[in-house]
Amino acid sequence: MRGNQGTLRRHETMAHIDHGRMVGTSPARTDGAQKVRGLCRYVDDLEFDGLWHGATVRSPHACARIVAIDAAAALADPDVVVLTARDLPGPNVLRLIADDWPVLADGRVNHFAEPVALVAAPTRERARAAVGRVEVRYEVERGIHDLDQALASPRILASCRIERGDLEAGFAAATHVVEGVYDTAHQEHVYIEPQGMVARPTAQGELEVIGSLQCPYYVQKALALLFDEPVRVRQAPTGGGFGGKEEFPDAIAAHAALLARRVGRPVKIVYDRHEDMQATPKRHPSRVRHRTGVDAAGKLCAMEIEVILDGGAYTTLSGVVLSRAVLHAGGAYACPNVRIEGRALATNTVPSGAFRGFGAPQTQFAVERQMDRIARLIGTDPLTLRERNAYRLGDVTPTGQVLEESVSALECLAAAQARTDFKRRWHEIEDARASGEGHALHGIGLALSWHGAGFTGEGEQRMRSPVRLALVAPDCVEVRVAACDFGQGTTIVLSQIVADALGLPTEMVRVVDPDTSKVPDSGPTVASRTVMVVGGILERAGRRLVRELGQGGAPPASPAEFVELARAYLTQHGELEVEERFEPAPGQTFDETTYTGTAYSAYGWGVHVAEVRVDADTLATRVERATLVFDVGKAIHPVLCAGQVEGGSLQAFGFGHLEDLRLSEGRPLQDSLSTYVIPTAVDAPDFDTILIENPTRSGPQGAKGVGELPMDGGGPALVAAIENATGIVATRAPATPEVLLEDLLAGRTLGPEAVAGALQAGEPLEGLR
Amino acid sequence: MGAPDAVAVAGCTDLMVVDTATGRRHGAVVDLQRLPELAGVRDDGGWIDIGAAVSFSQLRREALVAEHAPILVQAAATIGGWQIQNRATIGGNIANASPVGDSLPVLLALGAELVLASSSGERRVSYADFHRGYRETVLEPGGLIVRVRVPHALPDQFQGFKKVGTREAQAISKVVVALSARRVEVGGQEHLADVRLGAGAVAAMPIRLRRTEALLEGAPVGADTATRAAREARAEVNPIDDARSTARYRAHVLGRVVRRLVGDISA
């Protein structure tokens, strides 16, 4: 790690501490050494006797009718098996929200690279060769390839609406009305390990799947519907997810399982990067329209917001992504009169899906750019405007939720100002920009963001999330949850929480590998819920285990006493297993029809300050320094927590200026890592990371979710810094050099006289206009 | 190399990417990287003589290259990342003949020549005559690039290089430009002579910007010349839209970079 780690350094050397004090320290992750030494066995490393390989016949068209499928040439190889939609044992649907996502295309394809048929063969090479010999005849139809086309003839996958106060009265009271339209593009997850799954019939004749995934019980539900039989699902060590392994593993698991059932052997499907980038979900592209009323002092009086998401060809998770997008669309700002309307529209593109932030990065890009626009209009700096409007304790959100605890927006802003001297530097650059010289244009920008932890509304109540702790040996308590570690460090973090609840060191807590035959359905590993929600239930389970172990007497006062009591208990009764479930805090209800009530039980708060250098000749942006101030409630494991904040911010900066994914007739132009550009280690700025701990009642030792929050503000902070440096007003993420050039040529600037001197100098832009 | 579907490699950093993506197979892969005839950097009477199998890491470390061809060292340092630079070779970069190869505009600007070998013997060609079209060269089937020769730098010679990549490392160029020119004093004013301007990613192959070179030849050093050169450079290319950038951006940036490099001469 680089840069000034703020409060972190104190913790880093504390390897051994008193029991009951594991939280707040940074013990080594249990899987670390194995991964660094290359010994960790991912799904493609797993070997099975008699293993065959699966491959997928995909549509080369975004919108077409399937006229005929002819597998004769492929079947000339007697070992090859080919399956189509006709061969399914159950309904042709991967069930999420709506039942519209097919396992295999039947009769028509609705997006490029849609699976049309499956092939299995004894080797991967033969399977791939056979794919090329399955002939599919299509009748190509005109598709809808982007939001502009979708808006012209909308097919609505999901919609929702929030309304509070009196919008017209709010606008009537406003001194200024500011309008803006903001766009964000597809973003690819680029987890380091592409999607992969193995399915096999067990010796008992049951079906088992092992794969790279975030949500074992989602996969189990998908397969149960298809096969009408119980299926065992196990998570293999998983090389990254970022949400990309939330819903898609349902599909690849179904494919592998269909082939395994057909050939009666283990079948493995592992995508290469190219196939993964073409065929798997991406972040929803968005268009957000703002109309904002502000009074003379810069206080918000009215916000009217329209959110449009590109859901792709099938609904998959668009309804819940839209919900989170809309609930975060007003930003971290109090406004008495608000109307937010959202729609997710269908297009002939790969279904948009879960991706770190889940709709909130898109709408917060828009609201943060809008706040910058408002700040300029009323003649103040971006930080001061945010200070005036940021949520304070007791403020009310658009859903009518009163923020009763753990609100840190102002504290984050103050720390960011103290660390960076933002206001002075921003003004200085503004004043000097037009007369500046030289190739290097420096700028500073910021964003304030908030992110609700856990499922939206009453999702957690519905989920109930049973977790189990089991005393299996005098010195070993097993954690049995479905939460998956796919790089975040969930395993060590949950063991720290449980260790403290038990009064034990983490070495005495073992988190079992997720396996639906061994762990209860404690919910998917999504929505920044693992630490706060699952961890919170585990903390309760730990206290209960200690109580039950004490059998009415005094709880153990030390690990030694615990071992003694545990030995006696195990001899007398055998294994002690306790189960706890989610319990909502009193009074926390949410009405999904009116969108009113407690949308999230706790919110994380964060400020990104990006300091950039823009090259006046190439318009390439380098983020030189990033100050990250985040309230996480409690940093359970400060090193991993800072890793989430810094890694998430780097991913957000990629979203802000590098990661360009354009489609041509529904086909991605960037479908390899040489054309889809993510930040490398060399592109990472120096980070100055400050973790603030403002606890919530809803999480273990006060912890709130941290996984997604860093994704929200990085993009707009970076684009704001580009605006400060250049005078170009970008309203789109990513603001690539090509986008900035077009903005400059089209005059989307702060004004002809406000553009950076170096951009106006010499031969300006003639010949290109 | 006589086998019909044999391929010669010297680093494999391009070949492995293409083969993996396309499923292409070769009858034989012949590794040239340890042939002594293709190794080393030596001084050879007014030229530096670089083995085709010299890696970019080695180029970055060679004092002779730093002295006479500093822009070749600069280009070597922008190729891929350290791991790529350890494997990839200058001969491989040339033979791969990509329009975006980072070292290629530099060799054009430096007036390099190549020593080619085949079963019919050795010959020398000016590097400016090597590329014929998109991934098409004068190298005959079975032929090899043996040495890359770069003339010694002259005391009054300016060299400039700029790669416009997609990010800070592991980046493929959107535009790459290299300039070499002598500064000759005429009547108390510095003028440009022997101007060579190489550009990549703006055409189907690495090219010399001949019209811009002609404009610069004999022109006075200064901001006005730089601006006129930018305009000429932009007008003489016809770049394309692709997955990495746009034609408009490439044309614009080519002009800006040419202006910057020519402007740097007076700095």
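Worth knowing before you read on, the calculation uses all heavy atoms, side chains too, and leaves out hydrogens, waters and symmetry mates. Letters A, B, ... mirror the listed sequences (proteins, then strands); counts begin at 1.
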Do side-chain atoms of [X] reach the backbone of [Y] as a donor and acceptor pair under 3.5 angstrom?
X       : Y       : answer
E738(A) : Y249(B) : no
D683(A) : E168(B) : yes
R167(B) : L658(A) : no

>> If we check side chain to side chain contact (heavy atoms under 4.5 Å, CB included) with H252(B), which of these qualifies: L745(A), L744(A), L741(A), D617(A)?
In response: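 Filter result, single survivor: L741(A).
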>> Salt bridge or not between R260(B) and D615(A)? Use side-chain N to carboxylate O under 4.0 Å.
In response: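 Result for this pair is yes, salt bridge flagged.
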> Heavy-atom distance under 4.5 Å to chain B: side chain of I678(A), backbone, both or neither?
Replying inline: both
>> Please classify the contact between P668(A) and chain B as side chain, backbone, both or neither, with a heavy-atom cut-off of under 4.5 Å.
In response: neither
> Do you know which two heavy atoms are closest between A243(B) and Q670(A), and how far apart they sit?
Replying inline: O-NE2, 2.8 Å
> If you take all heavy atoms of R256(B) and A616(A), which pair is closest and at what distance?
Replying inline: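 Here R256(B) and A616(A) meet closest at NH2-O, 3.4 Å.
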> When you look at R248(B) and E742(A), which way does the salt bridge (charged side-chain N to carboxylate O under 4.0 Å, His left out) test go after all the steps?
Replying inline: CA-CA 9 Å; R248(B) 280 157 68 84; E742(A) 295 303 327; 2.8 Å; yes
>> What part of A223(B) gets within 4.5 angstrom of chain A, counting heavy atoms only: side chain, backbone, both, or neither?
In response: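 Neither the backbone nor the side chain of A223(B) comes within 4.5 Å of chain A.
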> Non-hydrogen atoms of chain A under 4.5 Å away: do they reach the side chain of D242(B), the backbone, both or neither?
Replying inline: backbone
>> Could you tell me if the side chain of T618(A) sits less than 4.5 Å from the side chain of K162(B), heavy atoms only?
In response: yes
> Going by heavy atoms in the side chains, are S674(A) and R244(B) under 4.5 Å from each other?
Replying inline: yes
State whether the number of non-hydrogen atoms from other residues, nucleotides or ligands found under 6.0 Å of [X] atom [atom1] is greater than 12.
X       : atom1 : result
N238(B) : CG    : no
E437(A) : CD    : no
R25(B)  : CZ    : no

>> Looking only at heavy atoms and a cut-off of under 4.5 Å, which of R662(A), H657(A), H439(A), R273(A) has the most pairs with chain B?
In response: H439(A)
> Using a cut-off of under 4.5 Å for heavy-atom pairs, which of L673(A), D660(A), T675(A) has the most such pairs with chain B?
Replying inline: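 When all of L673(A), D660(A), T675(A) are compared, T675(A) has the most.
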